[in-house]
Amino acid sequence: MSAPRVRFAPSPTGYLHIGGVRAALYGWLWAKQKGGEFILRIEDTDQARNTEESVGIIFESLRWLGMDWDEGPEVGGPNAPYFQSQRLELYREYADKLIASGHAYRCYAGKEELAAARAEHKLRTGQDHGFRFQSPWRERTDGDATQKHVVRFKAPSKGVIAWDDLVKGRIEVDNATQQDFVLMRPNGLPLYSFGCVVDDLTMGVTLVTRGDDHMINTAPQILMYRALGAEPPQFAHMPMVLGPDGKKLSKRHAAVSVLEYRDMGYLPDAVLNYLVRLGWSHGDQEIFTRAELVELFNWEHVGSGSGRYDQKKFLHVSAEHLRALPHDELAKWVVPFLAERGIEVTPDDATLLAALPYLTPRASTLIELADAADYFLRDAPVFEDKARRKFLIPENAETLRELTRRIEGASEFTLEALEASVKAWLEEADLKMKQIAQPARVAMSGRTRSPGLYEVMVVLGRERTLERLKAGAALAESGVDLSA
RNA sequence: GGCCCCAUCGUCUAGCGGUUAGGACAUCGGCCUCUCACGCCGGUAACGGGGGUUCAAGUCCCCCUGGGGUCACCA
């Protein structure tokens, strides 16, 4: 098999859905692995729903995910243009071909006529669904092509259409279930299914990957390919991602837009990992780098059942990727999230870099990471009210002062030296670590939860550690009741 | 309702005729411990039901049940 040409054809209707991306992702991985091409095409033939802004969102989403396209908008390619709205001439041409060859016909039945037929169907059957329009124009050729009309495909009613789906196996659909679907609207815009076929055909697409909610479109499309005298591409219909309740994943279940995940502090590689692993497996391996995904992906291990979105697992995958990332790189990712909380630092900030090793085991997202880094990077910690009231109290003032003296007296400012110094004091004074840890922690971080005491000290450095301990002691002594 | 797809722990899954049915997340114990995490050790937990085929079925076939999708001049 020659190198695959895979396309992703989202429609610009708002945001890029994580489920749609997943289907595209498998195609992207496949193209990468096989040295093929990944083609981006914008399906903007629904004037009522498309917005220009959405097109930008698609680009931004894919770029953030690192899913680069070999052909498509902005990068160009031999099959330009890549917006359906700019390929109208082509659809017209192919529709005419089908009419000329007797595979399609002009139908002058208006919407009113259709609605009437539909109403009649409901009256007769008592059902809304299952309506199939029998156009009176099917066998007529006496219509006036200058008059308003749609182009309908003359669907066969006998026979079976079948294909070997890369994930579902052999699928057969009885032609008796087909109807004369519309190819072209009166305004000259094609319908999705037709535009899709014309584009895939003219662009030389060899593999179509999509959610299995599109499976219903495949048989009609194969019919169109055949009518056009062409061989259909391969199809891969992936099971969709469902919400935790088993329904189609939607906004009420979870964030569904790619950019939301960016904003929530996920790493793109983590998103890729989670999405791919949800429905595909490689033995017991759970965590994959991007390169591994490209190398290992195969269709055989794409599961055929739909998967449910699991936020907890996603967070776990995110955490794993956070921890696996070299700290200098990780720093680049956190900086924008720090800026969001008013902390302006550069990725080479020494304090940030020093803190990261102690922070990553405690964070699952970049937002959590930024939060955990907060007090290291401010001039003074922002005290949690409860923490301050519980631990920075008069009876802890002396403890903090003595701790300050011991830290000042440490031979070096290293984890070992600091620990030795504090241990010696505890022994002398017959104190337990428990008794001093929380007051010290709150004094230095403003919080009751942080990395180890000595770790915090080392990251802060001698000056700032002493400064904070002294300030904490003073605060404790003043015994100010903040709740008053 | 018609058509299409699907079915192993709560969730994602491994399994491709012979397994004490494995892993991960979650969950529950315990260890570690200056807090919170991380880490480590251990536990609970699954083949939807019924028929076949076979010496042998989670694995193959059929039916049922259940779930999902889709039935547009949307994509």
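Below, chains carry the letters A, B, ... as their sequence lines are ordered, and counting in each starts from 1. Hydrogens, waters and symmetry mates play no part in the numbers below; they use all other heavy atoms, side chains included.
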Tell me whether His214(A) and rG69(B) count as stacked here, given that the ring centres must be under 5.5 Å apart and the planes must differ by less than 30 degrees. no
Is Glu120(A) paired with Arg124(A) through a side-chain N to carboxylate O contact shorter than 4.0 Å? yes
Nearest-neighbour nucleotide for the Met215(A) side chain, rC4(B), rG15(B), rC73(B) considered: rC4(B)
Side-chain donor or acceptor of Arg362(A) under 3.5 Å from a matching atom on the base of rC38(B)? no
Atom-to-atom span, CD of Gln84(A) to P of rC74(B) - whole angstrom: 13 Å
Side chain of Ile171(A) only, heavy atoms from C-beta on: which candidate in rC3(B), rC4(B), rG23(B) is closest? rC4(B)
With a non-hydrogen cut-off below 4.0 angstrom, is Asn217(A) in contact with a base, only sugar-phosphate, or nothing? base
Below 4.0 angstrom, N of the basic side chain to O of the carboxylate: do Arg341(A) and Asp371(A) qualify? yes
With a 3.5 Å cut-off and heavy atoms only, can you find an N or O donor on one side and an acceptor on the other between the side chain of Asp310(A) and the base of rA26(B)? no
Using whole Å, what does the distance between atom P of nucleotide rG2(B) and atom NE2 of His121(A) come to? 13 Å
Both Tyr309(A) and Thr45(A) contact RNA chain B. Which one's nearest nucleotide lies toward the 5' end? Tyr309(A)
From the candidates rA14(B), rU35(B), rG68(B), the one with an atom nearest any side-chain atom of Ser281(A) is rA14(B)
Over 60° means perpendicular and under 30° means parallel, so tell me whether Phe131(A) and Phe133(A) are parallel, tilted or perpendicular. tilted
Using a heavy-atom cut-off of under 4.0 Å over every strand shown, decide if Pro10(A) touches base, sugar-phosphate, or nothing. nothing
Paired with rG10(B): which nucleotide, if any, by Watson-Crick or G-U wobble criteria at under 3.5 Å for both distances? rC25(B)
Could you tell me the separation between the CG atom of Leu322(A) and the P atom of rC38(B), rounded to a whole number of Å? 13 Å
Identity of whatever pairs with rA37(B) - Watson-Crick or G-U, under 3.5 angstrom: none
Ignoring hydrogens and angles, are the base of rG22(B) and the side chain of Asp284(A) linked by a donor-acceptor pair under 3.5 Å? yes
Gln438(A) atom CD is separated from rC36(B) atom C1', nearest whole Å, by 9 Å
Winner on side-chain proximity to Arg308(A), out of rU11(B), rC34(B), rA24(B), is rU11(B)
How far, in whole Å, is rA45(B) from rU11(B) if one measures between their P atoms? 16 Å
Applying the Watson-Crick and G-U wobble criteria at under 3.5 Å, what pairs with rG1(B)? Answer none if nothing qualifies. rC71(B)
Ignoring the backbone of His129(A), work out which of rC12(B), rC71(B), rC73(B) is nearest its side chain. rC71(B)
Sidechain N-carboxylate O distance under 4.0 Å for Arg441(A), Glu455(A): no
Ignoring hydrogens and angles, does a donor from either the side chain of Lys313(A) or the base of rA24(B) sit under 3.5 Å from an acceptor on the other? yes
Can you find an N or O donor on one side and an acceptor on the other, under 3.5 Å apart, linking the side chain of Gln127(A) with the base of rG2(B)? no
Separation of the P atoms in rA7(B) and rG23(B), to the nearest angstrom: 23 Å
Considering only rC74(B), rC5(B), rC34(B), which nucleotide approaches the side chain of Lys168(A) most closely? rC5(B)
With a 4.0 Å cutoff (strictly under), does any side-chain N or O of Arg118(A) reach OP1 or OP2 of rA72(B)? yes
Checking rG39(B), rC4(B), rC6(B) against the side chain of Arg323(A) (C-beta onward), the nearest is rG39(B)
Quick check: on RNA chain B, is the nucleotide nearest His301(A) upstream (toward 5') of the one nearest Arg170(A), or the reverse? Name the residue that is more 5'. Arg170(A)
N-O pairing of Arg406(A) and Glu402(A) below 4.0 Å: yes
Closest to the Lys247(A) side chain: rU11(B), rG68(B), rC73(B)? rG68(B)
What is the distance, rounded to the nearest whole Å, between atom CE of Met240(A) and atom P of rC12(B)? 15 Å
Return no unless some side-chain N or O of Ser11(A) is found under 4.0 Å from OP1 or OP2 of rC74(B). no
Salt bridge check: are Arg170(A) and Asp165(A) linked by an N-O gap of less than 4.0 Å? no
Now, which nucleotide makes the Watson-Crick or G-U wobble pair with rG18(B), with each of the two distances under 3.5 Å? rC55(B)
Atom-pair distance (CD1 on Ile216(A); C1' on rC74(B)), nearest Å: 14 Å
Given atom CD of Glu320(A) and atom P of rA26(B), what is their separation to the nearest angstrom? 10 Å
Do Arg277(A) and Glu286(A) meet the salt-bridge criterion of a basic N to acidic O distance under 4.0 Å? yes
To the nearest angstrom, how far is Tyr91(A) atom OH from rC73(B) atom C1'? 17 Å
Side-chain N,O (Lys434(A)) to OP1/OP2 (rU35(B)) below 4.0 Å: yes
